[in-house]
Amino acid sequence: MSDPKKILATAAQVLEHEGQALVRMAGNLPDDFVAAVERILTIKGRIILSGIGKSGHIARKIASTLASTGTPAYFVHPAEASHGDLGMITQEDLCILLSNSGETSELGDLIRHTRRFSIPMIGMSSKPESTLMRAADFRLTLPQEPEAGSGIAPTTSTTMALALGDALAMALMEQRGFLSEHFRTYHPGGKLGAQLALVHQLMHGPEAMAVVTPDSGMQETLLKMSEKGFGIACVVEDDKLVGVISDGDLRRNSEHLGSKTAQDVATKSPKTVPPDMMAAQALALMNENKITVLVVVDGAGGPVGLLRIHDCLRAGVA
């Protein structure tokens with residue numbers, strides 16, 4: 001029979017152990033961290049990451065994080081590098097090699113290649129006097145913390161390497177001025193991509209708008225609304241939005257509607273959004289005001305498109 005209390009105690013102990021190690025590392029970052037970030041910012045090529053075993057898995061993840069946050073990067077398997085993939089690495093690139101011991105033999109050809117062709121190399125290891133770290137131009141030395149749990153499998157060491165890779169990626173992202181809209185460019189799919197969508201990426205353009213003037217008759221207005229099929233008309237004067245007419249406005253003004261003009265029926269201070277607003281914010285505005293369509297206006301107050309609640313939901317913004 002398993003012991004639930006012991007299971008939870010073991011899990012908590014591992015998490016506490018690794019968490020404490022990360023806190024200690026945060027207070028004592030590697031001496032070369034800033035220099036490594038500054039050097040990467042100068043690289044014209046790509047950042048190549050490599051490692052074997054658990055370090056290889058961490059290297060792959062760091063490469064993926066870098067690539068999605070504005071620093072072009074990819075993973076090269078050290079064994080494949082020794083059989084031709086070294087040709088993928090140019091003198092405009094920079095290598096980040098991971099090995100907790102710093103003595104991983106499979107990295108030997110990569111280390112020699114970087115030294116032979118003067119390719120900048122960052123080493124990440126917990127052994128500052130290891131072969132890898134002595135060869136490196138920049139040394140991201142991990143604290144020598146004991147592994148969590150039984151100490152047999154890499155746990156704390158891989159967690160610290162992963163976290164340091166995240167710290168590196170975020171520092172680079174901040175220095176590059178990388179914004180959420182840039183992130184969406186590299187991550188258009190999935191829930192996160194949807195949450196980062198901007199209004200102009202989901203809106204319907206000017207061709208979707210039923211545009212009338214304040215003195216337009218309601219017969220003309222209704223014809224234009226029916227033609228466009230979005231259930232809303234934009235009342236425009238001097239190229240600026242001065243009101244909107246929705247299905248609700250039509251119902252509220254149904255008595256003698258034919259004798260009225262657009263300005264008689266329109267809502268005078270409608271809710272609008274700019275094109276560069278996050279779609280998630282626009283959706284929240286629609287939910288808050290119990291409306292299903294927003295007019296998108298430019299900086300001068302001119303209407304440039306329509307955003308429907310259905311467009312947001314279809315895109316996965318929720």
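Values in this document were obtained by computation on a predicted structure and should not be read as measured data.
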What's the shortest heavy-atom distance between [X] and [Y], and which atoms?
X: Ser125; Y: Asn100; result: OG-O, 2.9 Å
X: Ile7; Y: Ser2; result: CD1-CB, 4.1 Å
X: Ile122; Y: Ala36; result: CD1-CB, 3.8 Å
X: Ser130; Y: Gly102; result: OG-CA, 3.4 Å
X: Val317; Y: Leu283; result: O-CD2, 3.1 Å
X: Pro120; Y: Arg115; result: C-NH2, 4.1 Å

Test your reading of the model: is there a side-chain donor-acceptor pair from [X] to the backbone of [Y], 3.5 Å cut-off?
X: Thr267; Y: Gly243; result: no
X: Ser216; Y: Thr221; result: no
X: Asn289; Y: Leu285; result: yes
X: Lys224; Y: Ala233; result: no
X: Asp264; Y: Thr261; result: yes
X: Arg46; Y: Tyr74; result: no
X: Ser64; Y: Lys61; result: no
X: Thr69; Y: Thr65; result: yes
X: Asp137; Y: Met121; result: yes
X: Asp93; Y: Thr90; result: yes

Tell me, do [X] and [Y] make a side-chain contact under 4.5 Å, heavy atoms counted?
X: Leu198; Y: Pro275; answer: no
X: Ser55; Y: Thr158; answer: no
X: Ile62; Y: Asp166; answer: no
X: Ser50; Y: Leu107; answer: yes
X: Met25; Y: Leu164; answer: yes
X: Leu241; Y: Thr272; answer: yes
X: Thr213; Y: Val236; answer: no
X: Leu294; Y: Leu306; answer: no

>> Between Ser99 and Glu106, does the side-chain contact (heavy atoms from CB on, under 4.5 Å) criterion hold? Intermediate values first, please.
In response: CA-CA 10 Å; Ser99 168; Glu106 290 88 347; over 6 Å; no
May I ask whether [X] and [Y] are part of the same hydrophobic cluster, defined by side-chain heavy atoms of I, L, V, M, F, W, Y residues being less than 4.5 angstrom apart, directly or through others?
X: Val37; Y: Ile96; value: yes
X: Leu97; Y: Leu66; value: no
X: Leu29; Y: Met173; value: no
X: Met203; Y: Val293; value: no
X: Leu98; Y: Ile40; value: yes

> Under the side-chain hydrogen bond (donor to acceptor under 3.5 Å, both in side chains) criterion, do Thr292 and Arg308 qualify, and how do the steps go?
Replying inline: CA-CA 6 Å; Thr292 60; Arg308 300 182 304 170; over 6 Å; no
>> Quick test of your reading of the model: are Arg39 and Asp32 salt-bridged, counting only N-O distances below 4.0 Å?
In response: no
> So, Lys127 and Glu103, do they make that salt bridge, N to O below 4.0 Å?
Replying inline: no
[X] [atom1]: over 12 foreign heavy atoms closer than 6.0 Å:
X: Glu207; atom1: CD; result: yes
X: Gln144; atom1: CD; result: yes
X: Asp31; atom1: CG; result: no
X: Lys290; atom1: NZ; result: no
X: Lys228; atom1: NZ; result: yes
X: Ile152; atom1: CD1; result: no
X: Lys240; atom1: NZ; result: no
X: Lys54; atom1: NZ; result: no

> Yes or no on side-chain contact (heavy atoms from CB on, under 4.5 Å) for Leu172 and Leu41, after CA distance, side-chain angles and deciding distance?
Replying inline: CA-CA 7 Å; Leu172 288 163; Leu41 289 170; 3.8 Å; yes
>> The test is side-chain hydrogen bond (donor to acceptor under 3.5 Å, both in side chains); show your working for Glu147 and Ser157 and say whether it passes.
In response: CA-CA 7 Å; Glu147 303 290 5; Ser157 60; 2.7 Å; yes
Could you state the interatomic distance from [atom1] ([X]) to [atom2] ([Y]), rounded to the nearest 0.5 Å?
X: Ile47; Y: Leu168; atom1: CD1; atom2: CG; answer: 8.5 Å
X: Ile52; Y: Leu110; atom1: CD1; atom2: CG; answer: 10.0 Å
X: Thr156; Y: Glu18; atom1: OG1; atom2: CD; answer: 4.5 Å
X: Ile89; Y: Thr114; atom1: CD1; atom2: OG1; answer: 8.5 Å

> Are Glu145 and Arg24 close enough, and set up right, to give a salt bridge (Lys or Arg N to Asp or Glu O under 4.0 Å), and what steps lead you there?
Replying inline: CA-CA 10 Å; Glu145 296 279 347; Arg24 285 191 286 271; 2.8 Å; yes
> Taking only residues two or more places apart in sequence, or in another chain, which ones meet Thr141 in a side-chain contact (heavy atoms from CB on, under 4.5 Å)?
Replying inline: Pro128, Met133, Arg139
>> The criterion is side-chain contact (heavy atoms from CB on, under 4.5 Å); which residues satisfy it with Asp3, sequence neighbours excluded?
In response: Lys5, Lys6
>> Walk me through whether Thr104 and Leu132 qualify under side-chain contact (heavy atoms from CB on, under 4.5 Å).
In response: CA-CA 8 Å; Thr104 302; Leu132 171 62; over 6 Å; no
> Mind checking who shares a hydrophobic cluster with Val235, ILVMFWY linked at side-chain heavy-atom distances under 4.5 Å?
Replying inline: Val212, Met218, Leu222, Met225, Val242, Ile245, Leu250, Leu257, Val265
> Once the angle between the rings of Phe117 and His113 is folded into 0 to 90°, is it parallel (under 30°), tilted (30 to 60°) or perpendicular (over 60°)?
Replying inline: tilted
>> I'd like to know whether Lys260 forms a side-chain contact (heavy atoms from CB on, under 4.5 Å) with Asn253, so could you lay out the CA-CA distance, the side-chain angles of the two residues, the decisive distance to 0.1 Å, and finally the verdict.
In response: CA-CA 9 Å; Lys260 296 178 180 180; Asn253 292 273; 3.6 Å; yes
> Given the rule in the side-chain hydrogen bond (donor to acceptor under 3.5 Å, both in side chains) test, do Asp311 and His204 qualify, once you have shown the distances and angles that lead to the verdict?
Replying inline: CA-CA 9 Å; Asp311 302 319; His204 299 267; 3.0 Å; yes
